[in-house]
Amino acid sequence: MNSDDYLLEDLNPEQRKAVQHFQGPLLVLSGAGSGKTRVITYRIGYLVHHHGVAPDRILGLTFTNKAADEMKERLAELLPPGKPQGRGPWLGTFHSLGANFLREYVQVLDRGYNRYFTIYDQGDQKKAVKQTMKELDISTEEFNPGMIASMINGAKNELIGPDEYRDEKAGKIDDYMLEIVDRVYRKYQANLREWNGTDFADLLRLTVELLGLEEPGVQRWKDRFEFLLVDEYQDTNHAQYVLARELARPEDNVCVVGDDDQAIFGWRGADVSNILEFEEDYPDAVVINLSKNYRSRKPILRAANSLISNNRLRKSKEMEPLRDEGESIMVYHAGDETDEADFLVQEINRLRRDGVRLGEIAILYRVNPLSRKIEERLVKHNIPYEIVRGTRFYERKEIKDVLAYLRVITNPDDDLSLSRIFNYPRRGLGAKTEERVQACADAQGVSTWEVLTDLEKCPDLTSRQENQLEEFVDLIRGYIEKTQGDYDPVQLVRDMIFDLEYFEQLENDYDVSSAEDRKNNVRELIGQIQEADLEKGSLREFLEDVALESDVDEFEDKGDRVSLLTLHSAKGLEFKYVFIVAFEDGILPHRRSVEESRIEEERRLCYVGLTRAKERVFLSYTDNRFLYGQRFGNLVSRFLKEIPDEELNSRSGGGRDYSSLRSRSSSSKKVSTGKKNWKDFLA
DNA sequence: TCGCCCCTAATTTTT
DNA sequence: TTAGGGGCGA
């Protein structure tokens, strides 16, 4: 025994095997509640302490910043004094790895990108696509820009570039559509280059492309990593799969950790087959199944096991409950959605009386609007709650506005950000003016800023327009100049907001409380810039990473509250008591998933929900649900009968008599027959 | 150009 | 129900 083997003490045999595995490919199937994070962090610790691997030769890839941060924390506790640590392992998301790499090497691609490229998020991307379509005279009514954007993303995630798109997709999608997407994709990509911008998918795609080049710097960077760990491997898309594969080469010291039963992001390009086929990709892979569940009481786990066994596309395995028996799953048949919410209130109060903290309770739902009614009743009964992941901080309009100003200042070619601030706060530069300037820029193949700084390039502007444009250019130029020498970024932003009369604009556009919220958000942003503890004179460092960090709630004080969240965002979390509401066909499984025959992912979603619970699960449904302004007659979820009866404990609640509502709803033309079935919805 | 009103569509979310 | 976008009149 080595003195470093203290790391192995608190691991079970399977976990220990995963931690001790040294070189070569390793697949760790980590069921819910099996101690996955512990295995990953211990494994890194063990590589360093036992095998003497230099920490900076280890790369750990995650999906979220949160997961990466958590790993860093746990690892800090783990790597006790002893060896000088030097540079630590690289722990981060796929995207941040790509972004960092590209900032250093993107110019090697020689396509006009430079290290100050802007990273566009999903919202920006949609706008960019829309603008591109306008330039191409493609109707944004006939073709939904969001849909085109997601098709482009889909292609990028499959590493299909604009030049390959047509050939790759020919025959797979409708010819007409193919033609449109092909054109938009090419032009969109050309625009990104011109604007020195990338979207999220490009961070991966361009990284993969660059790694394929023989450039010595690139190869040195790549060879720096000797051991690779990938968390949540079931969520990788093709680009991420290839990226991991390339980075692992040639030694293939790659350890992937994941659970095919928790793959719930197929709709955004994640490909379960990456994990299902790992053993084919790496024939000499060692496979370890972490099947011991430390989290849930037996009834919960038996229910979850039974449910998920109905999936066909999965590795056959079962979680083994280590915890004791417990209470059965309560199924509540509510009279209507109000009755359902009151059931929650009642049960939560009961738990509370038994000494349960509210923070140990979660209410999970399939679609966000379901939270409304619940919130209403929780408020009414004075139960504190928190919506986990509402609108993300960096997606708020006011934050995007301010960031857009900062981006334009550091990268004026960023047309998209420029367009965002062009007339906000309003300065009399309307859509027509913008359109005209953009058309000039487009015609000459240059960025809008280039045209703006030389208005002669754009002949047919009225003198009034010219004056206003010049004023705008002077404004931006003023800020650009301020960033040339030494300056205090926080002061710059404060001055800018003051000069722009940005707060006044907000006050003008929103009611008092909303404007106040928004102003506070801007103040919060300034606080974050301050906290970022910038090197003297650079906003750039802050802007570089800001697009990749959407974790909001770091700064909010977490009191003792019930958590309300979607099933998707519950992944990776655990609570003592879990309520899953609207356990109804059409909602879970969702109607659209049923229509598109994607039941298995819905079942996994349900599985994820159940396995969040440590002590007890409550399922509720109603055949009388008011949602989207209509009343629906839903059936209980088909998943209910996939859970053995003996694990269930059913109850029914009263509801109002809805037959009388028929007359009332007849005033609404839409609902003349009272209740509707999901089947009829949008039929 | 601005602002209001009407219409429509409505999973899931991270980067 | 409600948010967001487009159309239209001032």
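Candidate nucleotides B/dT14, B/dC2, B/dT15 were compared by shortest atom distance to the side chain of A/N423, and B/dC2 ranks first. Relative to the side chain of A/F265, the nucleotides B/dA10, B/dG3, B/dT13 differ in distance, and B/dT13 lies closest. Closest to the A/Y628 side chain, of the nucleotides B/dT15, B/dG3, B/dT11, is B/dT11. For A/P369, the listed nucleotide lying nearest its side chain is B/dT12; candidates were B/dT12, B/dT14, B/dT1.
If you check every strand for non-hydrogen atoms under 4.0 Å, A/S593 touches a base. Residue contacts shown for A/E602 include a base, since a base heavy atom lies under 4.0 Å away.
Note that CG of A/D339 is 9.5 Å distant from CD of A/E337, once rounded to the nearest 0.5 Å.
For the pair A/R193 and A/Y113, the cation-pi test (distance below 6.0 Å, angle within 45°) is failed. Under the 6.0 Å distance and 45° angle rule, A/R268 counts as a cation-pi partner of A/F265.
Using modelled atom types, no side-chain atom of A/D231 and backbone atom of A/L61 make a donor-acceptor pair closer than 3.5 Å.
Within residues 144-152 of chain A, no residue has a heavy atom under 4.0 Å from DNA chain B.
Outside the 6.0 Å centre-distance limit, the rings of A/H590 and A/W267 are not counted as a close aromatic pair.
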Using the 3.5 Å cut-off, write out each protein N or O paired with an N or O of nucleotides 5-9 of chain C and the distance between them.
from: C/dG6; atom 1: OP1; to: A/K130; atom 2: NZ; distance (Å): 3.3

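Taking atom P in both B/dT13 and C/dG4, one finds a spacing of 16 Å when rounded to whole Å.
For A/T64 and B/dT14, the shortest distance from a side-chain N or O to OP1 or OP2 is not below 4.0 Å.
A donor N or O paired with an acceptor N or O is found under 3.5 Å between the base of B/dT11 and the side-chain atoms of A/R598.
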